[in-house]
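All chains are named by letter (A, B, ...) in the order of the sequence lines, taking the proteins before the strands, and each is independently numbered beginning at 1.
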Amino acid sequence: MAKRLMRGSHVLGEAAVRAGCRYYFGYPITPQNEVPEYMSARLLEVGGTFVQAESELASVNMVIGAAMAGARVMTTSSSPGISLMQEGISYLAGLELPAVIANVVRGGPGLGNIAPAQSDYFQATRGGGHGDYRTIVLAPSSCQELCDLTVRAFDLADKYRNPVMILGDGMMGQMMEPVEFPEMQELADLPAKDWIITGAKDRPSRALLSLLLTPKVLEDHNYKLVRKYDAVTRTETDWEEYLLDDARQVVVAYGTAARIAKGAIKRVRSMGLKVGLLRPKTLWPFPSEPLKRLTRVVRQLLVFEMSAGQLVEDVEMAVAGQAQVHFYGRPGGVVPTPEEVAHQISHYYYQAGLMNDDARAQG
Amino acid sequence: MNKIFTKPKSLKPNVMHYCPGCGHSIIHRLVGETIDELEIQERTLGVPPAGCAVLAYNYFDVDMGEAPHGRAIAVATGLKRVLPDRVVFTYQGDGDIAAIGTAEIIHAANRGEKVTAIFVNNGTYGMTGGQMAPTTLAGMNSTTTPGGRDVARDGAPLDLTQMLATAKGSVYLERVTVASPKHIRQAKKAIKKAFQVQLDGLGFSLVEVLSPCPTNWKMAPVPAYEWTLQEMTKIFPLGVIKDITGYDEK
């Protein structure tokens, strides 16, 4: 199929429709308004349903209802709106309901600003709502990947009966790139769901609930969730490796920051610095194992993110003191330049004497 | 022997947990009878509230889906939009529908969501132990209005159903009570009509049921029923609040 030049927000919507999403409930918030605008028109064409809710709270609870009825359903928002949805996301996890939620992150905390940021990493990967639960979090870094991961988000949500979050930012929402879309998914081909509520015809009535008043029963439910999260971690952890073969220093970055990091790495490579990139594509489950393996040969990591330092904690936990972990980040919606990041890379590279190692290796 | 009175088949044979004299068990029965009489058990979906009726899925023998506190009508909206040929009802208390869920109910009514809300108004937060509700009467004692609800401090009782009448998408709104056999019969008629409105696809319908809470009102059941009729109906008058169904003209 021919590639189409499209804006990220529209890619997200189109990919969702092609994945079989026919229900969208949302509330406008910058910088993701193009998603509900796109869905309001596109779902009309395919016989779907768009409802502009009165709030993010209402949106996410409409999502709960639609998921209970077996639909592929999505909502999208940006940081302050996602905060409001956290109650519903906790319920989605507790009720084991599949749904896709995209967070087009803006600068925070509070109202913050509408510039691209990565400051919702903790909220996305730690839960944000109450209780012991995990949200699968996917972090695309191009429009094509946004398309691919959106389709994957719906498949993962159904496979594990769990909410899946796509974590992007305003840059990704606004940028335009050529994208090759998959064929429209035939709804009849989607896996059947035997747990949904559709009216108790020819079977006993069913209740979907997360209220489990007996502590032991709730504990059992939580352990069941833990086993599910373990299975997700074993099976679905995903990352990209870029120029790692001979790398002496590794940059860890995701999403928009990873694109900037690639530009920076090209620069320092031209100067002879052996630097590679490890880019998590799933932020939860986090690619801890590949990072741990890297520490056998790489002693220095630079975590780069558009926040005051959140991803860096996961990296530090993964390497468990077996490598130096440096951090460079800028919060508040400031997008660093590749030059800036290249400067940071070379600063730590020289400081650790890696240049001398390179020279020795060359003999 | 010819059996002339039995439990509705839309109710499970479970013993209800409600306190002696509580109106929920009566209202459950009326909803169950309605589902039976309309022969919609196989295509009815219920959304219980947070609150005393949170366990309603133990009693209604229909598919049920739980909602967070106050969000029942939003969950119902999602269900109904996916399954437009099913019957979807919420069962919500005054805290659920008239405090934390006020935004959701007003906008669902305004959009004319084709769902039915059963709004049980007992003027108190029953499950959490008798704190003030939006519907607590002026001067009425609660655990958070010692000495009685003071309108200057706490605001006046909120008439949610009256507010919903201004929403263009609400089609049928009636306030009833279960405080006497006569009123129970009237409540049944209203609930059945509200479900019929949904079956006919006319728009949003809601029945507010004034219901006694002897435990938190600290009254014996009989005085609580009398108090419901005598005092609550002064502030929340019984009757049809809005009806643009056109049924009577037929």
Side-chain angles (χ1 to χ4, degrees), chain A residues 21-25 27 43 48-73 75 84-92 94-97 99 129-130 193 195-213, chain B residues 9-12 17 35 40-51 53-88 90 100-111 113 115 127:
Chain A
C21 172
R22 291 294 177 276
Y23 296 87
Y24 177 95
F25 305 96
Y27 186 78
L43 285 174
T49 296
F50 168 91
V51 178
Q52 182 170 323
E54 63 274 21
S55 70
E56 288 86 351
L57 271 172
S59 313
V60 75
N61 283 283
M62 290 174 190
V63 166
I64 288 176
M68 283 175 167
R72 281 201 158 177
V73 56
T75 186
L84 289 170
M85 289 184 183
Q86 291 299 334
E87 173 191 56
I89 297 173
S90 165
Y91 276 75
L92 283 165
L95 286 154
E96 294 194 88
L97 295 175
H130 58 284
K193 297 171 181 174
W195 49 268
I196 57 177
I197 53 171
T198 55
K201 190 167 166 55
D202 305 323
R203 60 160 171 79
S205 61
R206 247 176 224 157
L208 292 173
L209 48 108
S210 64
L211 179 75
L212 302 164
L213 288 172
Chain B
K9 95 181 152 65
S10 298
L11 291 185
K12 294 175 182 169
H17 71 284
I35 294 169
I40 52 171
Q41 185 183 8
E42 289 185 336
R43 59 184 179 115
T44 295
L45 293 95
V47 184
V54 69
L55 298 177
Y57 49 77
N58 283 344
Y59 310 130
F60 287 109
D61 195 4
V62 299
D63 275 3
M64 302 283 280
E66 166 199 277
H69 195 198
R71 322 288 172 224
I73 210 79
V75 171
T77 297
L79 284 167
K80 183 75 179 188
R81 293 292 185 128
V82 178
L83 303 167
D85 61 340
R86 310 300 203 281
V87 180
V88 179
T90 68
I100 191 168
T102 323
E104 284 82 359
I105 196 70
I106 286 175
H107 290 277
N110 194 52
R111 284 190 304 266
E113 296 294 342
V115 298
M127 173 165 272

Report the C-alpha distance between A:Thr198 and B:Arg86 in whole Å, list the side-chain angles of each, state the deciding distance to 0.1 Å, and finish with yes or no for side chain to side chain contact (heavy atoms under 4.5 Å, CB included). CA-CA 8 Å; A:Thr198 55; B:Arg86 310 300 203 281; 3.7 Å; yes
Would B:His107 and A:Val51 count as a side chain to side chain contact (heavy atoms under 4.5 Å, CB included) here? Give the steps. CA-CA 11 Å; B:His107 290 277; A:Val51 178; over 6 Å; no
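If you measure heavy-atom distances from B:Leu55 to chain A, the contacts under 4.5 Å come from the side chain alone. For A:Val63, no part lies under 4.5 angstrom from a heavy atom of chain B. Contacts between A:Ser210 and chain B at a heavy-atom distance below 4.5 Å involve backbone atoms as well as side-chain atoms. Contacts between A:Thr49 and chain B at a heavy-atom distance below 4.5 Å involve the side chain alone, from C-beta outward. For A:Arg22, no part lies under 4.5 angstrom from a heavy atom of chain B.
Taking OG1 of B:Thr102 as the start and CD of A:Glu54 as the end, the distance is 11.0 Å to the nearest 0.5 Å. In this structure, OG1 in B:Thr44 is found 12.5 Å from NZ in A:Lys201, a value given to the nearest 0.5 Å. The structure places CZ of B:Arg81 at 7.0 Å from CZ of A:Phe25, a figure rounded to the nearest 0.5 Å.
Among B:Ala76, B:Pro48, B:Pro68, the residue making the largest number of heavy-atom pairs under 4.5 Å with chain A is B:Pro68. Taking chain A as the reference chain and counting heavy-atom pairs below 4.5 Å, the highest number among B:His69, B:Arg111, B:Lys80 is found for B:Arg111. Your options are B:Thr77, B:Val87, B:Asp61, and the one with the most heavy-atom pairs under 4.5 Å with chain A is B:Asp61.
Among all heavy-atom pairs drawn from A:Met68 and B:Leu79, the shortest one is CB-CD2, 3.9 Å. Of all the heavy atoms in A:Ser205 and B:Lys12, the pair that sits closest is OG-CE, 3.7 Å. Considering every non-hydrogen atom in both B:Ala74 and A:Ala58, the closest pair reads CB-O, 3.8 Å. The two atoms that bring B:Val82 and A:Ala71 nearest to each other are CG2-CB, 3.8 Å, heavy atoms only. Between A:Ser55 and B:Glu104, the closest heavy-atom pair is OG-OE2, 4.5 Å.
Not one N or O on the side chain of A:Asn61 forms a donor-acceptor pair closer than 3.5 Å with the backbone of B:Val75. When atom types are taken as modelled, the side chain of B:Glu66 and the backbone of A:Leu211 share a donor-acceptor pair closer than 3.5 angstrom.
Residues meeting the side chain to side chain donor-acceptor pair (under 3.5 Å) test with A:Thr75, sequence neighbours left out: none. Every residue meeting the side-chain contact (heavy atoms from CB on, under 4.5 Å) condition with B:Ala72, not counting sequence neighbours, appears here in chain and number order: B:Val47, B:Ala67, B:Thr90, B:Gln92, B:Asp96.
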